[in-house]
Amino acid sequence: MSATPTTPPPALRPYLTARHDLLWQEADAFAAEHVAPRVARMEAAPGRVERKVAGLMAARGWFAVTVPAVFGGLGAGQVAKTVLVHRIARVSAAAAAILQATLIPVGALLHFATYEQKGRWLPGVADGSLLLSIAVTEPLAGGHIGGIETTAERVGDEWVITGSKIHIGNSHLAGAHLVVARTAGSGVSTSQALTAFMVEADRPGLSVPDHRAGLGLHGFSAGRLDLDHVRVPEDNVVGEVGQGLAVAQSSSILYGRPNLAAVSLGIHEAVVDTTTGRLKTRARYRGALSDLPVLRDRVGGMEARLRAGRILAYQAVHLLDQGLPCDADLINSKYLGHQWAMQSAQDAMELHGAHALDRDYILQRLWRDIQHTYPPAGTGEVQRIRLADAAFDEDPIQWSERLAAEAAWARPDPTAV
């Protein structure tokens with residue numbers, strides 16, 4: 001699979017501007033020069049958190065790709081964000097995961113933080129001095145937001161937070177965590193029981209256990225946060241008290257889903273490129289494996305899924321950039337993007353035969369990495385339930401529509417990037 005820069009396919013022309021094209025080329029060049037040479041090291045030492053690539057992306061301002069220029073960001077929008085995550089994931093899904101994980105809490109701040117809070121946190125993201133995480137998932141509740149057990153109790157003009165969070169992207173890189181905690185008792189509805197807080201990583205009582213490597217995404221940390229009576233001031237509350245569910249849900253739909261769709265897309269492209277490259281160069285029966293109709297049939301299915309996934313990923317974020325209601329499109333891009341990439345990865349493993357089982361072959365990494373785009377921001381079952389809500393016209397909230405007016409001032413600048 002080549003890491004050399006490419007041009008966007010014609011099918012994406014309705015969604016890309018000339019500025020997006022430049023960003024596409026910049027991301028490809030960055031991935032070829034700085035990410036590709038580090039992949040082998042990341043795989044060889046899965047227990048090590050990749051900090052150098054994070055620093056290089058931060059220096060380019062990419063963690064603030066959606067942040068308005070007034071706070072030092074690129075102000076480039078959701079399509080630009082997808083370009084970056086997609087193109088980097090094509091070379092390393094772990095590096096792309098580092099980028100996308102901070103972009104989720106950034107989105108939460110853009111929609112729910114006060115102007116003063118944005119001025120406090122976002123410039124650090126923009127200049128690369130501050131990475132963020134969002135901490136919702138818990139050891140017992142998993143991704144069930146209504147089951148959150150981490151508590152926050154008001155004591156004077158402070159809040160005292162106690163609990164644990166797991167599977168937190170960038171847990172070992174973030175200088176601050178957006179933590180969702182319970183601020184009301186069990187008799188209060190979930191929609192009013194939770195609150196979001198910014199918690200600096202150096203707050204007394206906050207600890208992050210040593211990084212433990214997962215199945216894939218080697219170099220990316222998705223660890224645990226333990227909060228033991230961590231005190232934060234009142235002005236660290238993001239949104240209003242009791243608005244934590246809205247912060248978590250909207251961030252997951254508007255940022256988590258499309259981010260993961262972009263990661264899946266990058267992996268999917270790498271899977272297809274790796275497979276076609278192998279079949280074209282593997283001699284068989286006075287020709288190459290790529291000449292066999294039975295194999296071409298399988299590859300044709302892979303290519304069909306890839307092309308469809310590419311359109312879904314970019315169309316959804318294009319709608320979001322335009323301020324149009326598109327929650328179901330964002331959900332669908334994540335759901336089918338993962339499902340299709342997973343199917344192609346399995347087909348690729350089978351088409352490679354025993355060669356796919358070689359420990360150092362790229363396909364093993366791609367197969368392991370794609371597993372990581374299934375659980376976050378809702379499993380396939382969760383996505384299908386939300387899509388069924390849309391089918392029955394029962395979706396109670398359209399976050400893309402509700403927050404469109406608030407985000408209008410942050411729409412992508414056509415001269416940005």
Side-chain angles (χ1 to χ4, degrees), residues 1-16 20-21 24-25 27-28 31-32 36 79 82-93 96 216 258 260-285 287-318 329 332-353 355-356 361-374 380 383:
M1 192 269 296
S2 173
T4 55
T6 59
T7 57
L12 295 185
R13 287 268 57 94
Y15 315 118
L16 303 180
H20 291 136
D21 290 349
W24 185 292
Q25 295 167 17
D28 277 356
V79 171
T82 294
V83 167
L84 289 175
V85 176
H86 162 208
R87 300 314 294 168
I88 294 171
R90 182 173 172 268
V91 175
S92 168
L260 290 164
V263 175
S264 293
L265 177 58
I267 297 172
H268 202 165
E269 286 194 4
V271 164
V272 174
D273 288 349
T274 299
T275 304
T276 55
R278 169 74 175 176
L279 297 183
K280 285 190 295 186
T281 58
R282 187 68 171 171
R284 190 67 84 244
Y285 308 125
L289 282 175
S290 59
D291 297 326
L292 300 180
V294 67
L295 302 188
R296 294 180 75 90
D297 173 71
R298 297 284 290 278
V299 172
M302 294 167 66
E303 179 71 7
R305 290 188 291 267
L306 173 59
R307 287 173 177 264
R310 187 184 292 134
I311 293 296
L312 277 183
Y314 278 91
Q315 182 187 64
V317 288
H318 173 72
D329 300 280
N332 199 34
S333 70
K334 190 266 184 182
Y335 168 60
L336 286 178
H338 165 82
Q339 181 171 295
W340 286 338
M342 184 67 223
Q343 181 61 59
S344 290
Q346 184 60 38
D347 283 353
M349 293 288 288
E350 295 171 7
L351 288 170
H352 277 76
H355 186 58
Y361 188 53
I362 182 178
L363 198 58
Q364 274 207 11
R365 169 170 63 87
L366 299 174
W367 187 92
R368 286 186 283 105
D369 287 351
I370 194 59
Q371 313 301 325
H372 288 258
T373 65
Y374 180 77
Q383 313 303 335

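Evaluation of the salt bridge (Lys or Arg N to Asp or Glu O under 4.0 Å) test over residues 335-352, restricted to residues two or more places apart or in two chains, returns Arg298-Asp347, Arg298-Glu350, Arg305-Asp347. For the salt bridge (Lys or Arg N to Asp or Glu O under 4.0 Å) condition, no pair includes a residue of residues 332-341, sequence neighbours left out.
One finds the CZ atom of Arg368 at 10.5 Å from the CG atom of Leu363 (value rounded to the nearest 0.5 Å). Note that the OG1 atom of Thr275 and the CG atom of Leu279 stand 6.5 Å from one another [nearest 0.5 Å]. Atom CG of residue Asp273 and atom CZ of residue Arg90 lie 5.0 Å apart, to the nearest 0.5 angstrom. One finds the CZ atom of Arg278 at 4.0 Å from the NE2 atom of His355 (value rounded to the nearest 0.5 Å). For the atom pair Leu295 CG and Thr276 OG1, the distance stands at 12.5 Å (nearest 0.5 Å).
Taking the ring pair (Phe, Tyr, Trp, His ring centres under 6.0 Å) definition, one finds that Tyr314 meets it with His86, sequence neighbours left out. Gln364 is linked by a side-chain hydrogen bond (donor to acceptor under 3.5 Å, both in side chains) to nothing, counting only residues two or more places apart in sequence or in another chain. Legend: residues meeting side chain to side chain contact (heavy atoms under 4.5 Å, CB included) with Asp329, ordered by chain and number and at least two apart, are Ala316, Leu319, Cys326. Residues passing the side-chain hydrogen bond (donor to acceptor under 3.5 Å, both in side chains) test with Tyr374, sequence neighbours excluded: Glu381. Here His372 pairs with Leu215, Leu217 under the side chain to side chain contact (heavy atoms under 4.5 Å, CB included) rule; sequence neighbours left out. By the side-chain hydrogen bond (donor to acceptor under 3.5 Å, both in side chains) test, Ser264 is found to be paired with Thr373, residues two or more places apart in sequence or in another chain being considered. A search for side chain to side chain contact (heavy atoms under 4.5 Å, CB included) contacts involving Ala11 returns Ile311, not counting sequence neighbours. Evaluation of the side-chain hydrogen bond (donor to acceptor under 3.5 Å, both in side chains) rule for His318 yields no partner, not counting sequence neighbours. Taking the salt bridge (Lys or Arg N to Asp or Glu O under 4.0 Å) definition, one finds that Arg307 meets it with Glu303, sequence neighbours left out. Partners of Asp21 by salt bridge (Lys or Arg N to Asp or Glu O under 4.0 Å), not counting sequence neighbours, listed by chain and number: Arg13.
Contact annotation: the side chain of His338 approaches that of Ile370 to within less than 4.5 Å [non-hydrogen atoms, C-beta and beyond]. The side-chain heavy atoms of Thr274 and Tyr361, taken from C-beta on, include a pair separated by under 4.5 Å. Inter-residue side-chain proximity for Gln25 and Asp28 is flagged as unmet; no heavy-atom pair is nearer than 4.5 Å. Taking the side chain as every heavy atom from C-beta outward, Leu306 and Met302 never approach each other to under 4.5 Å. Residues Arg310 and His268 fail the side-chain proximity criterion, which asks for heavy atoms closer than 4.5 Å. Between Leu265 and Thr82, the closest side-chain pair of non-hydrogen atoms is not below 4.5 Å.
Asp291 places a side-chain N or O within 3.5 Å of a backbone atom of Ala288 that can act as its donor or acceptor partner. The main-chain N or O of Trp367 is found under 3.5 Å from a side-chain atom of Gln371 such that the two form a donor-acceptor pair. Looking only at distances, no side-chain donor or acceptor of Ser92 sits under 3.5 Å from a matching main-chain atom of Ala89. Looking only at distances, a side-chain donor or acceptor of Arg296 sits under 3.5 Å from a matching main-chain atom of Ser290.
The heavy-atom pair separating Trp24 from Thr7 by the smallest distance is NE1-C, 3.9 Å. Counting all heavy atoms, side chain and backbone alike, Ser333 lies closest to Ala261 at O-CB, 3.5 Å. In terms of heavy atoms, Ala93 sits closest to Asp369 at CB-OD2, 3.8 Å.
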